[in-house]
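Report on the structure given below.
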Amino acid sequence: MERIIEPTPLQKEFSSLFPSLVLASSSPNRKKLLEEGGSRVSVFVPETDEINVGLDYLSLMKENAKAKMEAYLSSPSFSPTLPAISADTLVHIDNKLLGKPKDIDDARNTLRLLSGRRQSVLTGCALFEEGYGVTLFCDEADVVFKTLSDEDIESYIALGEWKGAAGGYRLQKNGWRLVEYIEGDWTTVVGLPIKRLIEIKKSHPRSSS
């Protein structure tokens, strides 16, 4: 795939609809995704335990996003006039979910697993808007990796971008070099489905911004 040059038209459209918002997530990638388009982002870091078993994958992602949003809504930081967004992202391959690598060896093994193959990236999202409450949804995009040599993997691992990234790569930085193509919204792969959020916002014309 080609390198993503930010801000994209999608990011700019999002910022026009959400000029200011709260991001209930500690992810620097999500924050950058929104700020590159021009949105003013206030960060709330939720302290929640993510679940990864016991539910179907789509429900799992939504429940994790919901828990993060509920942590924000019940906190002293809650501002009812500002829209708020929380999200949770995992990679699905071989009937299992891949989260953030535990260490460098885990990151290396994850990229070997993804090499030359198709993966599904699932991002559950919760959107709070005054007058509409919380909207929950999950978006999915397919990512097809290039076939990676050991040298490709080691070169990418050395960049350190695997840290804190579901699937062990960051699309916005150098992770795009590992990808053949994406079917779906690339922002879902980054961790925040901007296209779906725009659609929901437009269906809520009276909500505050």
Side-chain angles (χ1 to χ4, degrees), residues 1 4 6 23-34 36 43 45-69 71 85-126 136-146 148 152-153 156-157 159-197:
M1 66 175 289
I4 298 167
E6 299 178 283
L23 178 63
S25 169
S26 61
S27 167
N29 268 10
R30 293 187 179 114
K31 184 172 184 284
K32 178 179 182 294
L33 184 69
L34 302 181
E36 284 291 324
V43 173
V45 180
E47 296 183 3
T48 59
D49 295 323
E50 293 182 1
I51 56 174
N52 54 21
V53 294
L55 295 170
D56 65 87
Y57 299 139
L58 298 183
S59 297
L60 191 78
M61 297 295 94
K62 288 191 287 187
E63 283 300 309
N64 282 334
K66 180 183 177 182
K68 293 178 181 180
M69 180 58 70
I85 297 171
S86 62
D88 188 49
T89 303
L90 289 174
V91 173
H92 179 218
I93 190 171
D94 288 347
N95 202 33
K96 61 182 178 181
L97 293 171
L98 304 178
K100 302 168 185 175
K102 300 179 180 66
D103 52 36
I104 194 169
D105 287 333
D106 191 22
R108 186 178 289 113
N109 291 334
T110 296
L111 293 181
R112 285 174 180 159
L113 175 65
L114 299 178
S115 174
R117 302 184 62 195
R118 177 185 295 267
Q119 60 184 277
S120 293
V121 181
L122 308 168
T123 294
C125 195
L136 284 175
F137 67 93
C138 186
D139 199 53
E140 184 173 0
D142 284 350
V143 180
V144 177
F145 256 41
K146 298 175 181 176
L148 306 176
D152 293 333
I153 292 173
Y156 186 73
I157 290 292
L159 298 175
E161 294 180 8
W162 58 270
K163 297 176 183 177
Y169 65 98
R170 295 188 185 276
L171 201 65
Q172 282 170 293
K173 293 188 177 180
N174 291 282
W176 64 273
R177 300 178 186 276
L178 311 178
V179 175
E180 192 71 46
Y181 61 90
I182 294 173
E183 293 179 351
D185 183 359
W186 68 271
T187 66
T188 296
V189 181
V190 173
L192 211 57
I194 283 183
K195 186 176 180 180
R196 286 285 301 278
L197 287 165

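- Interatomic distance, L197 CG to I85 CD1, rounded to the nearest 0.5 Å: 4.5 Å.
- Contact of the V121 side chain with the T89 side chain is registered, since non-hydrogen atoms from C-beta on lie closer than 4.5 Å.
- The side-chain contact (heavy atoms from CB on, under 4.5 Å) search around A165 returns R170, not counting sequence neighbours.
- Checking side-chain atoms of N64 against main-chain N and O of D88 turns up no donor-acceptor pair under 3.5 Å.
- Proximity of a side-chain donor or acceptor of S86 to a complementary backbone N or O of A65 within less than 3.5 Å is detected.
- Across all non-hydrogen atoms, the minimal contact from L122 to C138 is CB-SG, 4.3 Å.
- With hydrogens and angles ignored, the 3.5 Å screen pairs no side-chain donor or acceptor of T110 with any backbone N or O of G168.
- By the side-chain contact (heavy atoms from CB on, under 4.5 Å) test, L136 pairs with K62, K66, A126, V134, sequence neighbours left out.
- Checked against salt bridge (Lys or Arg N to Asp or Glu O under 4.0 Å), D106 has no partners two or more places apart in sequence or in another chain.
- In this structure, CG in L148 is found 11.0 Å from CG in L113, a value given to the nearest 0.5 Å.
- Residues D94 and R117 are paired through a salt bridge, judged by an N-O separation under 4.0 Å between the basic side chain and the carboxylate.
- In this model, no donor atom of one side chain and acceptor atom of the other lie less than 3.5 Å apart for N29 and S27.
- Partners of E6 under the salt bridge (Lys or Arg N to Asp or Glu O under 4.0 Å) rule, at least two apart in sequence or in another chain, are K32.
- With sequence neighbours excluded, the residues satisfying salt bridge (Lys or Arg N to Asp or Glu O under 4.0 Å) with R196 are D139.
- Listed by chain and number, the residues in a side-chain hydrogen bond (donor to acceptor under 3.5 Å, both in side chains) with K31 are E35 (sequence neighbours excluded).
- At least one side-chain heavy atom of P193 sits less than 4.5 Å from a side-chain heavy atom of F137.
- In this view, P28 satisfies the side-chain contact (heavy atoms from CB on, under 4.5 Å) rule with no residue, not counting sequence neighbours.
- In terms of the side-chain hydrogen bond (donor to acceptor under 3.5 Å, both in side chains) criterion, residue partners of S25 (sequence neighbours excluded) are, by chain and number, R30.
- Ring geometry for Y57 versus H92: interplanar angle of 30 to 60°, hence tilted.
- For the atom pair L178 CG and K146 NZ, the distance stands at 7.5 Å (nearest 0.5 Å).
- In this structure the side chain of W186 reaches within 4.5 angstrom of the side chain of L33, judged on heavy atoms.
- Side chain of K68 to backbone of T48: no donor-acceptor contact under 3.5 angstrom is found.
- Side chains of L192 and T187 form no contact here, defined as non-hydrogen atoms less than 4.5 Å apart.
- Expressed to the nearest 0.5 Å, how far NZ of K102 lies from CG of N109 amounts to 10.5 Å.
- L159 pairs by the side-chain contact (heavy atoms from CB on, under 4.5 Å) definition with Y156, E161, N174, not counting sequence neighbours.
- Residues meeting the side-chain hydrogen bond (donor to acceptor under 3.5 Å, both in side chains) test with R118, sequence neighbours left out: D142, Y181, E183.
- For S26, the side-chain hydrogen bond (donor to acceptor under 3.5 Å, both in side chains) criterion is met by no residue, not counting sequence neighbours.
- For D105, the salt bridge (Lys or Arg N to Asp or Glu O under 4.0 Å) partners at least two apart in sequence or on another chain are R108.
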